[in-house]
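To start, the structure itself, in structure tokens.
Chain letters run A, B, ... following the sequence lines, proteins first, then strands; residues in each count from 1. Because the structure is predicted, anything quoted here is derived from the model rather than measured.
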Amino acid sequence: MARKRLITAVNDALVAEMERDEKLIVFGEDVELAIMGDTRGLVGRFGRDRVRNSPICEQTLTGMAVGLASAGYRVVLHLMFNNFIYTGMDAIGNQMAKLRLMTGGQMELPITVIAGYGGGNSNAAQHSDTAYPALMNLGGLRVAVPTNSADAKGLFTTAVRGRTPTFFLEAAGRGGEMGEVPDGEHLVPFGQADVLREGDDVTVVAIGTMVKPTLRAAKALADDGISAEVIDPRTLVPLDEDTILGSVAKTGRLVVVDEARDRCSAASQIAAVVADRGFASLRAPVRRVTVPDVALPYARNAEAALIPSPERIADAVRHVTQKQFA
Amino acid sequence: MARKRLITAVNDALVAEMERDEKLIVFGEDVELAIMGDTRGLVGRFGRDRVRNSPICEQTLTGMAVGLASAGYRVVLHLMFNNFIYTGMDAIGNQMAKLRLMTGGQMELPITVIAGYGGGNSNAAQHSDTAYPALMNLGGLRVAVPTNSADAKGLFTTAVRGRTPTFFLEAAGRGGEMGEVPDGEHLVPFGQADVLREGDDVTVVAIGTMVKPTLRAAKALADDGISAEVIDPRTLVPLDEDTILGSVAKTGRLVVVDEARDRCSAASQIAAVVADRGFASLRAPVRRVTVPDVALPYARNAEAALIPSPERIADAVRHVTQKQFA
Amino acid sequence: MATPGTDVRGHTAVTDLDLYERMLLIRRAEERLIVACTDGSLPGGVHLYIGEEAVAVGACAVMTDDDFVTSTHRGHGHFLAKGGDLDAMFAEIWGRATGICKGMGGSMHVADVSKGILGANGIVGAGFAIATGAAWGAKLAGQGRVATCFFGDGAANQGSFMESMNVSAAWDLPTVFVCEDNGVSEFTVTSTVSGGPLVERARAFMPATVVDGNDVHAVRDAVGEAVERARAGGGPSYVEATTYRIRGHLEAEQHMLGGGTYRTDDDIAAWQADDKDPIARLATRLLAEGTCPREDLDAIDAAVRNRVEAAVAFAEASPPADPELAHTIMFGPA
Amino acid sequence: MATPGTDVRGHTAVTDLDLYERMLLIRRAEERLIVACTDGSLPGGVHLYIGEEAVAVGACAVMTDDDFVTSTHRGHGHFLAKGGDLDAMFAEIWGRATGICKGMGGSMHVADVSKGILGANGIVGAGFAIATGAAWGAKLAGQGRVATCFFGDGAANQGSFMESMNVSAAWDLPTVFVCEDNGVSEFTVTSTVSGGPLVERARAFMPATVVDGNDVHAVRDAVGEAVERARAGGGPSYVEATTYRIRGHLEAEQHMLGGGTYRTDDDIAAWQADDKDPIARLATRLLAEGTCPREDLDAIDAAVRNRVEAAVAFAEASPPADPELAHTIMFGPA
Ligand SMILES: Cc1ncc(C[n+]2csc(CCOP(=O)(O)OP(=O)(O)O)c2C)c(N)n1
Ligand SMILES: Cc1ncc(C[n+]2csc(CCOP(=O)(O)OP(=O)(O)O)c2C)c(N)n1
Ligand SMILES: [Mg+2]
Ligand SMILES: [Mg+2]
């Protein structure tokens, strides 16, 4: 165990996987000097054949990942920000997500795409989207949203060793906190949620960046005698529905916290699943705490007003734990 | 009133709007000879300045729409198939959906994008996506999914006269049925659902292409004594939540039918809204009848197995109207 | 069907009779698809390559199974020319379980990864990036493989064309860009939506040449030169093959035209004439050179027709696609 | 500040002193942003244009408020050169309600549609298509307007560059492509990821030329020619201006470099020298020509500095952005 920033944990995992598999290639804009830090030092260690700055051309980068994988390589493509997923969306939506099925299973695509998501840094709307809902809807793509350093290492390793295109989404700027990371090989399986805090009154599913404000809210609620169970799904595709449903069976209440815009969000998906499969347990409305359906503004106060805060999360929990729903 | 195919109704609306506003421009690949039929005859009537075949370059076409609108024009961009929305996604997600906010309201973008969606024609996965969930999540875009000729005319006219980028999605190949269309000017406001069939036992929200199989299911269910209220939302952004909630208040049950893949679908969004705001009325689980999270296969039997059928819809309704949920 | 060897120029030798047979196989197979399309045997539409056979056959004549190709929506010719199996292709187009993609892809998506055929593709321009990625892999592997991207004159307006040429040039990748310039993109005459000659776009990045795309030897030689350069580490090249699409954009296009036209019957007839048609031209040459007598050509034709009918029989006797596959393949091993 | 007129070449005349003042305004404004960035006054990051002022100022000198420009993530220079208001820009960067975009956009998104400034843009390459669309609008309107797209050497690898040149060329649009070739894209030396000289890409579509981007007259004349051609219906042009970014990709880039480097201090120093710096060069020339004495230049500088401080004061005295706007603007009139 050692304390590391999330980004360093990913870097460690990358080094280990590159040593393990010489067919693992890393590319993207500025991966050599590593704007984000997660690919830092790799080019010096593994050479420019395997770690390569690309031109700025996301549309082609995502398609190249498909071609490179078809040629027998394992690929890590760094796309920097979630908004640039839109720029490279064509090959993501039309090729990566579909070719395995369309070729009758001939084409396996061991591709991991890294991109930062989320707001909170006054980066304005073109650098602060949370794009996983669109990815989740495409089918055929896995989506991981690590919230701490250990999971980052474990999920990243699992992603890279997989055979299905996977988006590994890093909290842009706000996920760089320190955390304990297991030494040596560490894998976290996809589709296994983590119960971060046990509780009896309400289940709060918090995705990615939303874990931290949710834990803060849970603490404040505990002072008020409300016991919240906080679940971090860790991966959105596949989604560990059973852990969530099991928790709701106990608490009877659900709040989902998501930094995506509300419409067709991961929060909506989780709410919908529980409203179906967990209906019998539900004793209160299912609340979503999400970003309103707008672009994030630049000004700090205007941006902050839109991103779920501990206060908004606590309010939602208070709403669903009211006496009337007892 | 006259009976017309949906595509003809759109064509009529386009002609009328082009006559009404000489700043309305139509462009896209093959809009002159009009592969889809909706832009047929326009170039002969209005000339190549206003109706223009474009090169194949969706990424730039969507951005050009933004530039042309900024220069004071009203724009109709034809993107042919929903899958090509991914190709042009950059300017859709990063510009169209955001510039109004980002410029502090300086930029209004009266843009209507037309594209066909959905499967059922053995067009295979790259020509059969239903992409509205991604569009709905972007914020700042309106989405219309007309299901009959009259609404097509009315919604299209409203879309074109609006000031916000709007996606007007046509059922590819399966929405060309005949229907009565009002003569002369006909506008259907956005955000007003249509109750296609009244019922007491269950509310079924059916989106776009799913209206037809849902009405068929409703008929079969009626024979079994189950009375289904069928609602066509007509626009997904804005969504007429009140009509849906009002219906669920009466029936206590909800099934949502959507040709999108399940995860983060419009169905999930509607289910989530009702699980929150309509919870007090709900007496049964909320079911979604959607396409599984896979790419649509080519072979007719394999494709048909995935698209919601009257049987699957009826089964879902039977499930939520079981005695145990009475 | 052909036995590969090595010719004087160092690439895999394919005899003129092999070229003839391959072009004819594509032609007869697609003529049969017209029938199948008309009689309702096929679940989906087909985009036919008739008239352009010399491009795929000439280009693939200088490749082996280890080389990669990316194809287009009009991909039957590339599939067959690169050694794809006709039975498996027809079964695919018929939507059967025995199809090369198990019925999941269909006409617009025939792929045989084992033969380097990375797939026909329904997204115009998608092949640029996929070929470039495969070419990068080929270069990394260091075994002299190349990746060839077939694409149309319409696709050349997609930005990924420039992006991919740029990557290929900057990184010296063994990518060969083969433009099938048939003058049209669906129902648009491409020159009405294109600025300047396409070949100039490529010249900014790499050696670029224009050849008569209906002369199978001209295509083979030009692509052969490009492939040799790529194998030798000389980087990417561009070959533009001028050709013509005889059939509609897709079969039964007249239903989509609403009475409009984008070309004349005279144009089509001119390109179908014996002095233009790639197969007739090779036949004339073979006969003139005395390489083989008319009877041999006829015998090849008869054998090809039998082969095609056998493929139809195979497809029609095959079971329908397995609907479960959509789940098991899509959600197969993580 | 300058009084426009018409010079012998037919474009709006801007005096050399005007050019000097405009470049200096950009320089001093951005120098002030360095301070603000360091002292924590700004909510977000800034990408500075210092060293490249001659490109925006030279190019915009031949335009009027009716012409369109699209800008980049490095957009302060284009905004000010095209006549955007400094107070409103600073207030925007400070995140205030009085900002040109009401605090919703920030540094990377300053736009003033009333002056044809269609916005700085955070998406590299986004301007190509927007400018092309605006140019189409300009052509349809028939009033001789032009649309100029400023973009970097890194952006020139985005496919939309080719797509937009193609549309502009095929449709004879009044688009002017102005490439700011500063040799770097973030921390990547652009030549390491580019195939061949950029100007050749443009030559395939339109008249294309390379100029000294630190010589404001050279830029003005080259863009002036392009603009005149465009206004006269002669279609698009490409002007490549060689220049250099003195500051980091964004302020405080060293935090993102982890000790690595992508250029040397010597390089930077060389481009900062008086014989390279665009402002010093114009000063030298004005003094040599005797156009004005050193005191006048100093007076301009003093006035510009006052103007900048006034803008800071305006921004800092302004109320914060209105958070409600996110809802009312976004969901304003349908
Ligand atoms: C991204 C995308 N845009 C549009 C289409 C529709 N489309 C299919 S084929 C085609 C024309 C292609 O022309 P070209 O590349 O010249 O190929 P050809 O059909 O002439 O062989 C178009 C526009 C598509 N399939 N994909
Ligand atoms: C689509 C997209 N990809 C990547 C980025 C990240 N990015 C911002 S600036 C930049 C480099 C741009 O280089 P260039 O166009 O030369 O402009 P310069 O910064 O040199 O002025 C990159 C890669 C982005 N903002 N948008
Ligand atoms: Mg063509
Ligand atoms: Mg640059």
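- Chosen from C:A169, C:A170, C:G235, the residue pairing most often with chain D at heavy-atom distances under 4.5 Å is C:A170.
- Only the backbone of C:A156 comes within less than 4.5 Å of a heavy atom of chain D; no side-chain atom from C-beta onward does.
- Using a 4.5 Å heavy-atom cutoff, the side chains of D:Q158 and C:E163 are in contact.
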| query | Is there a side chain to side chain contact (heavy atoms under 4.5 Å, CB included) between C:M162 and D:R201 once you walk through the steps? | reply | CA-CA 9 Å; C:M162 186 198 82; D:R201 302 183 191 179; 3.9 Å; yes

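- A donor-acceptor pair is defined here as one N or O able to donate and one able to accept, closer than 3.5 Å; such a pair exists between the side chain of C:N166 and the backbone of D:V193.
- Proximity to chain C (any heavy atom under 4.5 Å) is restricted, for D:T192, to the backbone atoms N, CA, C and O.
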